[in-house]
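Any value given below was found using the heavy atoms of this structure, including those in side chains, with hydrogens, waters and symmetry copies removed.
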Amino acid sequence: MKNIAKCMLGLVGVCLPLAAQNDFRALGWSQSTAYHSYLMREVHRQYLDRQMELSEACASKEGVREYIDECVARYKRIVGDFPERGALNARVVGKVKGSGYTIEKILFESLPGRYVTAHLYLPDNGAEKHPASLELCGHGLWGKGPSSRSARLMAVNGIAVLVVDPIGQGERLQLIDAEGKPLTRGATTEHTLLNAGLNLIGTSLAAQEFWDNSRALDYLMTRSDIDGDKIGVYGSSGGGTQTAYFLGLDKRVKVAAICSFFSTRERTIEMQGPSDGCQHIPYEGRERLEVPDFALMMAPRPLLILSGRYDFVDLWGAEQGFQELKKCYAALGYPEKVDMLEVETGHGLGHEKQMKLVRWFKQWLQGISDAEVVEAPDDRFTLQETNCTDKGQVNVALPGAVSLMEENLRAYQDGQAGRDDFVKQGHEAIKGKILELLGLKSLPQSPIRIEETGHESLRGYEQYTYQLVREGEMPVPCVVLVPETVRPDSPVEIHLHEAGKQAFLGEYTNYSASLTDGTILIAADFRGLGETADPAFYTDAKYWNREYRIAMTSMHAGRPLMGQRVTDFLTLLDFCSQAEALKGHPVRVVADGVYAPVTLHAAFLDNRIGEASLSRSVKSWKSYLENPMQRDMYSNVLYGVLRYYDLPDLLRLCKGRVRYAD
């Protein structure tokens, strides 16, 4: 019989004070938000680099122009590809008469079968051509709704407004029953659920909203009663997000206003966590793109920021971002073309902000400074009066309408040939792309440090706790159970359970039989699970993901959550290769939940995993495209991965070493 206890302890370089064993904790410290703090260090580093670049750029007009051009180029690198602009097939399907304006009900196709519903508020002032603006909707379930006060205000002041229903709002809900009734709590949930599938195919809901809005502007340009040289865009809240993302990709806009969204991303993520799925494009942090950068892409065209002092959108971040805009506009020689209004209100485009908005647009679209603003009429309409479809939802009312899920599945099918070609490449080429998608530059090379944090002699086995430290990474806590008798061919069985190692080890019957057979058991928690799980109250339940804060922050920084956990797995395998009582023993893995795709990737990258059994997990990313109404999707998302492979492809590449137990 091996003297296992002596063998294990003799190889540990560092011995820390014993941890309490009743909860199977292995870390030498306890801090519930440690992982988020770890991620924010990377975010802060990325934006510190940005601050230095921007500071240098502001020294000259040429520097600012170069900085803006570089921001646009980085934006285009991450936003994904857009299709060719086809026929809009636009038509006016009805009209509603207001006081001093007319609402035209518009229907067009931004893509074949993707119907967009919108209201065009046309002034009744008899002008041959009207200056016009897009109004991009906030996150209200009804989207454009029966009437927009800001659009009415614009129209009676001589500016036409096209109010566009975004995907997942108004008459464009996607997650609906057969009668068109919503299946989720509102736009923020639907947008977030839809965004996961879009990310997998290499785009985002933000990018799709941009496309529809840009096609809406295409429609305005076809109108003989619209002056195509005098076009603006504005929006509040989720509409403010859409406005910010619009400015760098469509140069036809001559004036813009962002309300109740503008702040710094760095401060927002740290204070409140990531916002709704439609308010993020993956890798923004990696590309050092801040919210003020998206706004700056407008420069030197006129830009207005509208903020509430008691908005949940952080005012301090808004003020800091506005100072950056002022410096850049001044360096370009147009300090008068950027302005900010702060009001004693909270969230949204209230009356005072609306009045400033209209004055700003009249100044830059009509050439009228300090104009008197005509108040908006108090017209009231019903949804039935103003809907563009008879059933109130395009996907149940219009023959040939294509849902976003159907679009995604078509994209998946169109990409099948590319996935087939990808898996036929050599191992090194496949490995290189997988590492890139995981956000890893290479397999980890730095040595690990093994720190023992506890040891107990129990009936029939020895129990050790360790934290495995690799420079620059989160430590991996693990518990090792070594039976009295270990044979040379005894396996090391690694257990990775989504509920945490404590839940697995809490019941002796879960592993007693394995110990009797001489199996060495290891139970570990990778980052964000078990000992380092992010507290649930930091993630809003509306996102349907327990790990939303850490998953979205990781993607923002260019380090997908799955990739970080693959690194943890490789750290654990290094431990198995280095500890005297473990090395030389075959390694098998039992994994469930979010650990299963992690294990699948680790098994392809590292053949030290002899066999693995997976359960209770997603088996194909295609299922996220077919059914977005699933929990915890973001834990498993890799941006653009379905251009190259799906999980069944990776399973086949593991050549029988990995199987599903259910």
Salt bridge check, [Y] against [X]: does any charged N sit closer than 4.0 Å to a carboxylate O?
| X | Y | result |
| --- | --- | --- |
| R252 | D229 | no |
| E406 | R410 | no |
| R267 | D314 | yes |
| D218 | R215 | yes |
| R114 | E109 | no |
| D646 | K622 | no |
| E319 | K326 | no |
| D293 | R74 | no |
| E436 | K433 | yes |

Problem - Check against side-chain hydrogen bond (donor to acceptor under 3.5 Å, both in side chains), H347 and D311 - result: CA-CA 5 Å; H347 195 67; D311 200 333; 2.7 Å; yes
Within a 6.0 Å radius of atom [atom1] on [X], are there more than 12 heavy atoms belonging to other residues, nucleotides or ligands?
| X | atom1 | answer |
| --- | --- | --- |
| K76 | NZ | no |
| K95 | NZ | no |
| Y334 | OH | no |
| K362 | NZ | yes |
| D370 | CG | no |
| K251 | NZ | yes |

Handout entry: side-chain hydrogen bond (donor to acceptor under 3.5 Å, both in side chains) between Y634 and N199, intermediate numbers included
Key = CA-CA 9 Å; Y634 284 94; N199 285 175; 5.1 Å; no
Exercise for the section: Kindly write out the residues that satisfy ring pair (Phe, Tyr, Trp, His ring centres under 6.0 Å) with H130, not counting sequence neighbours, or none if the list is empty. Expected result: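 Residues passing ring pair (Phe, Tyr, Trp, His ring centres under 6.0 Å) with H130: none at all.
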Handout entry: F261: ring pair (Phe, Tyr, Trp, His ring centres under 6.0 Å) partners, not counting sequence neighbours
Key =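 For F261, no residue satisfies ring pair (Phe, Tyr, Trp, His ring centres under 6.0 Å) once neighbours in sequence are set aside.
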So, does [X] use its side chain to make a donor-acceptor pair with the main chain of [Y] at under 3.5 Å?
| X | Y | value |
| --- | --- | --- |
| N195 | S204 | no |
| N627 | M629 | yes |
| D177 | G180 | yes |
| S260 | G348 | yes |
| E284 | I281 | yes |
| H191 | I167 | yes |
| Q174 | R172 | yes |
| Y548 | S275 | yes |

For [X] and [Y], which I'm curious about, is there any donor-acceptor pair between the side chains at under 3.5 Å?
| X | Y | answer |
| --- | --- | --- |
| E290 | Y47 | no |
| Y219 | R223 | yes |
| E385 | T382 | yes |
| S148 | E135 | yes |
| E209 | N213 | no |
| S403 | N395 | no |
| S369 | R359 | no |

For [X] and [Y], which heavy atoms make the closest approach, and how far apart are they?
| X | Y | answer |
| --- | --- | --- |
| R643 | G202 | NH2-O, 3.3 Å |
| Y329 | A299 | OH-CA, 3.4 Å |
| V163 | C137 | CG1-SG, 3.7 Å |
| L325 | V338 | CB-CG2, 4.1 Å |
| E171 | T117 | CB-OG1, 3.6 Å |
| L120 | A160 | CD1-CB, 4.4 Å |

Problem - Residue pairs fulfilling ring-ring contact (aromatic ring centres under 6.0 Å, His included) with at least one residue in residues 280-304, sequence neighbours excluded - result: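 As it turns out, the ring-ring contact (aromatic ring centres under 6.0 Å, His included) pairs with a partner in residues 280-304, which skip direct neighbours, are Y75-F294, Y245-F294, Y283-Y639.
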Problem - Worked check of side-chain hydrogen bond (donor to acceptor under 3.5 Å, both in side chains) between R85 and S214 - result: CA-CA 10 Å; R85 293 177 186 260; S214 187; 2.8 Å; yes
Practice task
If the plane angle is over 60° it's perpendicular, under 30° parallel, otherwise tilted; pick one for F422 and Y645.
Solution key: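 Judged by the thresholds at 30° and 60°, the geometry between F422 and Y645 is parallel.
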Practice task
Applying side chain to side chain donor-acceptor pair (under 3.5 Å), name anything that partners R149, two or more places apart in sequence or on another chain.
Solution key: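 Result, side chain to side chain donor-acceptor pair (under 3.5 Å) vs R149: Q354, E375.
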Handout entry: Evaluation steps, side-chain contact (heavy atoms from CB on, under 4.5 Å), between F262 and V313
Key = CA-CA 7 Å; F262 184 85; V313 177; over 6 Å; no
Exercise for the section: Please step through ring pair (Phe, Tyr, Trp, His ring centres under 6.0 Å) for the pair F210 and F82, ending with a clear verdict. Expected result: CA-CA 10 Å; F210 161 76; F82 294 106; 5.3 Å; yes
Any heavy-atom pair between the side chains of [Y] and [X] that's under 4.5 Å?
| X | Y | result |
| --- | --- | --- |
| I305 | D339 | no |
| V96 | T102 | no |
| K254 | K230 | no |

Problem - Pair L304-I258, side-chain contact (heavy atoms from CB on, under 4.5 Å): steps then yes or no - result: CA-CA 6 Å; L304 175 65; I258 301 172; over 6 Å; no
Problem - Partners meeting salt bridge (charged side-chain N to carboxylate O under 4.0 Å, His left out) with R419 (sequence neighbours left out) - result: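 Applying salt bridge (charged side-chain N to carboxylate O under 4.0 Å, His left out) to R419 gives none.
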Handout entry: All salt bridge (charged side-chain N to carboxylate O under 4.0 Å, His left out) counterparts of R288, not counting sequence neighbours
Key =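 Once residues adjacent in sequence are excluded, the partners of R288 under the salt bridge (charged side-chain N to carboxylate O under 4.0 Å, His left out) criterion are E53.
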Exercise for the section: Step by step, work out the side-chain contact (heavy atoms from CB on, under 4.5 Å) result for L122 and E104. Expected result: CA-CA 8 Å; L122 279 172; E104 291 190 358; 3.4 Å; yes
Exercise for the section: Take L173 and I176 through the side-chain contact (heavy atoms from CB on, under 4.5 Å) test and state the conclusion after the steps. Expected result: CA-CA 7 Å; L173 301 182; I176 53 178; 3.4 Å; yes
Exercise for the section: Could you give me the CA-CA distance, side-chain angles and deciding distance for E342 and S307, then say whether side-chain hydrogen bond (donor to acceptor under 3.5 Å, both in side chains) is met? Expected result: CA-CA 5 Å; E342 295 180 16; S307 297; over 6 Å; no
